[in-house]
2 protein chains.
Amino acid sequence: MDPALTTASSALVDETAAAIRARIMSGEIPIGAQLRQAELAKKLGVSRTPVREALRQLQTGGLIAVVPNRGAVVRVPAPWEVREAYEVRAELEGLACARAVRRITRDGLAELRLVNELLRPGDMPPDTASHAANDRFHIMIHHIAGNERLARVIREINEAFPRNVSALVLHEHPRHRDDNFAEHERILAALEAEDAETARREMQAHVIEAGEQLARWYERRSGTVFHGHGHGHGHGLA
Amino acid sequence: MDPALTTASSALVDETAAAIRARIMSGEIPIGAQLRQAELAKKLGVSRTPVREALRQLQTGGLIAVVPNRGAVVRVPAPWEVREAYEVRAELEGLACARAVRRITRDGLAELRLVNELLRPGDMPPDTASHAANDRFHIMIHHIAGNERLARVIREINEAFPRNVSALVLHEHPRHRDDNFAEHERILAALEAEDAETARREMQAHVIEAGEQLARWYERRSGTVFHGHGHGHGHGLA
DNA sequence: GGCCCAGATTCTGGATCCAATCACTCTATC
DNA sequence: GATAGAGTGATTGGATCCAGAATCTGGGCC
């Protein structure tokens, strides 16, 4: 990638941070769960020091919250936070799309279509693989846009919310998958037509819609689930 | 502010990070300088542990680069990095402006004008105070926009580049100050006219222009200065 | 029977210790 | 005289130690 932005660091902390982030993203460590340093250290086979620095990194990213003398917890996003973040993301993904129109090649467009075909309704059962394809569709556009900072900021926003929830939302109703696919198709059409403004608008609407679904999920969750009383129930680290 | 996004953490590391960041931002620690943990710890009156975690935080922000086993240095931004970052920032500040149009009050507008008056050409000599006023002008708009995530992302982008350089650029030529003031005036006019699209466009152009000036400064620097703070052939010293 | 206070346990956060890595220097050889 | 190599010094990174804070439990009191 880019040697300037790729802060290599000391490997161990970055690997530790990546490992913890992955477990949160996959839902293995659920939102609201306590992150005990000693437990993570033992599980990952390192001492507490790298774990502490890794947690600090994740805290900066906003994925977890560290309260003084009380440790770290996986943040439970409030619905308004999701809407705020996705409004920002929509603007940025719109920009990425507008830039991509001027830079995309025929091969790139074909590849993009290929990825989106994986999301065509009816083709496959709702699983995590199709959600990965969904991510890849967006990431490919960021790459085509050719602005590393832009891609990085979007990625940082996404990393503030566990992906398993997004996957859940995408698949909880067939309607969502159908809409998602159709929106992607409209974006592809605008890219092919080299219509930057339409591409931007379609992508913005697409992201806002996804954010709204996600926000509604968190709304339902806060309405139905007692978030609290988490005194050492299984932690889920296996 | 917001208890959810304000990751309070353990105070000491955050204070340490803020202190180091401030020294870099002010130019007291120049770009390219080595950041030795023991030295910083002694200077700040803490042990190396909080310093290490603070450096990790700053690394995540992109202000410094940490190379394994070789310590941290204040990053020297490449011109293309500045242009990339400011293109993203322009988009986001444009969004902030568009949102602000729909939310600003008469009092808010008056306050904004007052701050910008501090930047009127001829009123004061080029010093850091006027650059602080410049920052405040933008931050006030972010606040009025009422999207904390948006404000935070913009702030994070700004914190990737030392502010003293921005101040330097703003004042290195009277022309820059004049342009800067005039652009702010156009933004204010659009805000007062409740013309969201014009406000957005003016702010975008304003930020892009500032980014271009900053990028040019780094271009000149890399052309004239040995970057590497060269002890390359200095073995005969002392 | 419920509430409040005190002690003990657990965990985080700061400091210190030690090993490993890297840079720099001095020397020996070509 | 220049270059390659070994040795030494400095600095980072990982592990351990210790103190402070919070929580949980148990007992006493109302």
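Every chain is numbered from 1, with letters handed out A, B, ... down the list of sequences.
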Quiz item: In whole angstroms, how far is the P atom of D:dA22 from the CZ atom of A:Arg36?
Solution: 18 Å

Quiz prompt | B:Glu209 versus B:Asn180, side-chain donor and acceptor atoms under 3.5 Å | solution = no

Quiz item: For A:Glu15 and D:dG13, what is the distance between atoms CD and C1' respectively, to the nearest whole Å?
Solution: 14 Å

Self-check item: Side-chain donor/acceptor of B:His142 to backbone N/O of B:Ala96, under 3.5 Å
Solution: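 Pair absent, no side-chain N/O of B:His142 close to backbone of B:Ala96.
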
Practice problem: Would you classify B:Leu35 as touching base, sugar-phosphate or nothing, given that sugar-phosphate means primed atoms plus P, OP1 and OP2, and contacts are heavy atoms under 4.0 Å? | Solution: sugar-phosphate

Within the sub-3.5 Å range, which N or O atoms of nucleotides 15-20 of chain C have a protein N or O partner, and how far apart are they?
residue, atom, partner, partner atom, Å
C:dA15, OP2, B:Ser47, N, 2.9
C:dA15, OP2, B:Ser47, OG, 2.6
C:dA15, O5', B:Ser47, OG, 3.4
C:dA15, N7, B:Thr49, OG1, 2.6

Quiz item: Rounded to whole angstroms, how far apart are NZ on A:Lys42 and C1' on C:dT12?
Solution: 19 Å

Quiz item: In whole angstrom, what separates B:Arg56's CZ from D:dT12's P?
Solution: 12 Å

Quiz prompt | B:Glu212 bridged to B:Arg216 by N-O distance under 4.0 Å | solution =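 Salt bridge between B:Glu212 and B:Arg216, a charged N being under 4.0 Å from a carboxylate O: yes.
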
Quiz item: Is the phosphate of C:dT12, meaning OP1 or OP2, less than 4.0 Å from a side-chain N or O of A:Arg70?
Solution: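 Checking C:dT12 against A:Arg70, no side-chain N or O comes under 4.0 Å of OP1 or OP2.
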
Quiz prompt | Donor-acceptor under 3.5 Å (A:Arg89 side chain, A:Ile154 main chain) | solution = no

Quiz item: How far does CG of A:Leu92 sit from CD of A:Glu156, to the nearest 0.5 angstrom?
Solution: 11.0 Å

Quiz item: D:dG13 C1' sits how many Å from B:Glu53 CD, rounded?
Solution: 13 Å

Quiz prompt | Rounded interatomic separation in angstrom, taking CD from B:Gln57 and P from C:dG13 | solution =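 Distance, rounded to whole Å: 12 Å.
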
Quiz item: Do the charged groups of B:Glu87 and B:Arg83 touch, with an N to O distance under 4.0 Å?
Solution: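 No, this pair does not count.
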
Practice problem: Establish, with yes or no, whether the OP1 or OP2 oxygen of C:dC11 is under 4.0 angstrom from a side-chain nitrogen or oxygen of A:Gln34. | Solution: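 Looking at the OP1 and OP2 atoms of C:dC11, neither is under 4.0 Å from any side-chain N or O of A:Gln34.
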
